[in-house]
Amino acid sequence: MAVYWFKRWALVLVVVCGLGLSPLQAADLPADGCYRVPVTLLHAEKDKPSMGAQGLTPEALVEVRQGTASLYLETQVISVTGLTTSLSACHYLEGGAYRPAEPLDYTLEIPGVKGLRPRYFRLTYSPRPGPLPVLVNPQVVFMGGGPLPARLQVDWSGARAVDSGALEALAKAEGAPSAGPMTLSASGLSLDVPAGQSPLPDLTVRLLALNDLEAQQAALGVAEARGWQVALFYPLDRVAPGDVTRLDQVREAYPMKGATLYLPKAYPQATVYRLQGADRQALALEDVGDQWLVHCDLPAQLVMVPGAGSTTPALGAKTKGGPGGKAKAGQAGARAGTSRQAAGANPAKASGLVQAAKASAGPTGQTAGAVNRPAALAAGEAGDQPTEADPTADSEDQVTSRENGPVIFTLLFIFFLLVGVALLLVKRTYPLLKNELDRLMYLRAFERGLRRREDKH
């Protein structure tokens, strides 16, 4: 009997373990061969298409071999609510970390932007049930310009066999050049990367914060402006799942001197400034058709305003007057000093002028003076009798002041210390909060545009 119950419980344990481990088992892959499978880019958390879902064609080529899939995602141009872009990078979760998908066939062209994008991304992995976690970079400027989390849904039940010829040709497609010259593009901007730059950097473009852009508009005296934060980073190799939400801290900056940058032609005539702290440096512009060409060091904050040859002084420029202004100020000071000396040399004359002014003011002037001056002072002026000071009261006030001095100093020190700590905290947290608020505002505007487009269709 004991053996019977032992076997029974062992069978139950095996079944429970099997059910518990079933999500880790391999997906139901078709037999080895070449197929086309339906694919959808889903939201990172919700069961709905991602905003970048239109960047992939509905089907992907795949080669299945001994439980491993080589998936070729085909990209396409995304055009929605005035935005034109495509997927420029992709990472997928495999082996406990996000690995970069291999870009292939740099032939995808974004209208009005210099440079080509990859048309395919190759993912080699062991499929599991459920969507595959991915990081995609659609280069959407108001969403940060960096990789965004999403999920790739592959419908293996809809796989249909195809001839291997197309897959063989695609497998031979060249990826990104490792050492040759190339032009990168991101969010409507382009960058010429000279030969010898290895590895190929990632170009990231973000919108300048609204508060900073409005401050530039006010300083330049213009009604509108465009602003970008342009930076280069070393490509992401392997990303731990815990680093997905802090990629800005994980990515390593890739500085470049004298970079050749192509900016959108937002205005037929424009002036571009590179912000350097409180200063502003005007850059030379060259018309290259649909874009403006500038040369500057990266990373950089750039502001474009309409009109050419702006003479507005830099933000960091000193606004003190020139020699003429100083001379006028000196003359005014000399005149004021002369007036004071004259009044001191002839107090009777000064007193007469004051009495004449009082007489000319009339009753209204007297009433205003009585309201603006303390009552004791007004009474003293009315009686024209001097008051005698009490030396005892002065001594008591001095003793009280000496006793309260250290206490007041201590309170002021604590107050300014707290103010300094508060300012330090605000300085560290305000840029992050401002960027998140700007990003939230742009995301809402983008979602409203998507809803309007869906309503039209």
Side-chain angles (χ1 to χ4, degrees), residues 38-61 71-92 100-123 131-154 176 183-191 202-207 226 228 230 247 262-266 290-291 439-457:
V39 292
T40 306
L41 193 62
L42 299 178
H43 189 274
E45 299 174 354
K46 303 177 182 178
D47 290 331
K48 67 175 186 178
S50 170
M51 285 190 290
Q54 299 182 25
L56 296 179
T57 59
E59 289 187 329
L61 282 170
L71 188 67
Y72 294 80
L73 299 177
E74 184 177 1
T75 65
Q76 60 186 1
V77 175
I78 305 173
S79 296
V80 57
T81 62
L83 174 70
T84 303
T85 184
S86 71
L87 298 181
S88 63
C90 177
H91 289 70
Y92 60 98
E102 184 181 2
L104 298 171
D105 192 17
Y106 276 74
T107 59
L108 187 64
E109 183 177 358
I110 306 298
V113 178
K114 188 175 184 292
L116 301 175
R117 296 273 187 90
R119 186 174 292 276
Y120 293 92
F121 286 101
R122 178 165 57 197
L123 292 68
L132 174 66
V134 295
L135 298 174
V136 293
N137 192 351
Q139 292 290 359
V140 179
V141 67
F142 52 79
M143 296 180 67
L148 302 173
R151 295 177 300 159
L152 181 65
Q153 178 67 58
V154 181
T183 301
L184 304 177
S185 64
S187 303
L189 282 74
S190 303
L191 171 74
D202 291 334
L203 176 63
T204 299
V205 179
R206 299 178 178 178
L207 288 176
R226 301 282 295 275
W228 304 273
V230 186
L247 290 177
Y262 301 85
L263 305 178
K265 205 168 190 179
D290 293 336
Q291 293 178 297
R439 179 177 177 180
L440 177 62
M441 183 183 66
Y442 286 118
L443 283 174
R444 289 179 176 176
F446 186 70
E447 290 181 353
R448 286 196 298 269
L450 287 178
R451 294 193 190 100
R452 285 196 297 267
R453 180 175 180 181
E454 292 176 356
D455 294 339
K456 290 181 181 180
H457 293 283

Value for OH (Y92) from CG (L71), rounded to nearest 0.5 Å, stands at 10.0 Å

So OG1 of T57 and OH of Y72: to nearest 0.5 Å the spacing works out to 14.5 Å

State the CG-CG distance between D202 and L184, to the nearest 0.5 angstrom. 8.0 Å

Counterpart residues, side chain to side chain contact (heavy atoms under 4.5 Å, CB included), relative to A44 (two or more places apart): P149

Indicate yes or no for a side-chain donor-acceptor contact from S88 to the backbone of N137 under 3.5 Å, with no hydrogens or angles considered. yes

Apply side-chain contact (heavy atoms from CB on, under 4.5 Å) to the pair L56 and T75, showing each step before the final yes or no. CA-CA 5 Å; L56 296 179; T75 65; 4.2 Å; yes

List the steps and the verdict of side-chain contact (heavy atoms from CB on, under 4.5 Å) for L73 and L123. CA-CA 8 Å; L73 299 177; L123 292 68; 3.8 Å; yes

Can you name the closest pair of heavy atoms from Q54 and Q76 and give their distance? O-NE2, 2.8 Å

Can you tell if the side chain of L189 reaches within under 4.5 Å of the side chain of W228, non-hydrogen atoms only? yes

Going by side chain to side chain contact (heavy atoms under 4.5 Å, CB included), name the residues that satisfy it together with S86, two or more places apart in sequence or in a different chain. L108, I110, R117

Separation between CG (L191) and CG (L263), nearest 0.5 Å, reads 10.5 Å

Apply the test side-chain contact (heavy atoms from CB on, under 4.5 Å) to residues T84 and V113: give CA-CA distance (whole Å), side-chain angles for both, the deciding distance (0.1 Å), then the verdict. CA-CA 10 Å; T84 303; V113 178; over 6 Å; no

Check the pair V230, L203 against side-chain contact (heavy atoms from CB on, under 4.5 Å), reporting the backbone distance first and the verdict last. CA-CA 8 Å; V230 186; L203 176 63; 3.9 Å; yes

Side chains of S190 and Q291: closer than 4.5 Å at any heavy-atom pair? yes

Approximate separation, where rounding is to 0.5 Å, of Q139 CD and L148 CG: 9.5 Å

What pair of heavy atoms forms the shortest contact from G52 to I78, and how long is it? O-CD1, 4.2 Å

With salt bridge (charged side-chain N to carboxylate O under 4.0 Å, His left out) as the test, would you mind laying out the steps for R122 and D105 before giving the verdict? CA-CA 11 Å; R122 178 165 57 197; D105 192 17; over 6 Å; no

Closest non-hydrogen atoms of L135 and P147, given as atom of the first, atom of the second and distance, are CB-CB, 4.2 Å

Closest non-hydrogen atom pair between T107 and R119, with its separation: OG1-NE, 3.0 Å

Examine distances only and state if a side-chain atom of R151 and a backbone atom of K46 form a donor-acceptor pair shorter than 3.5 Å. yes

So, T40 side chain and L42 main chain: donor-acceptor pair closer than 3.5 Å or not? no

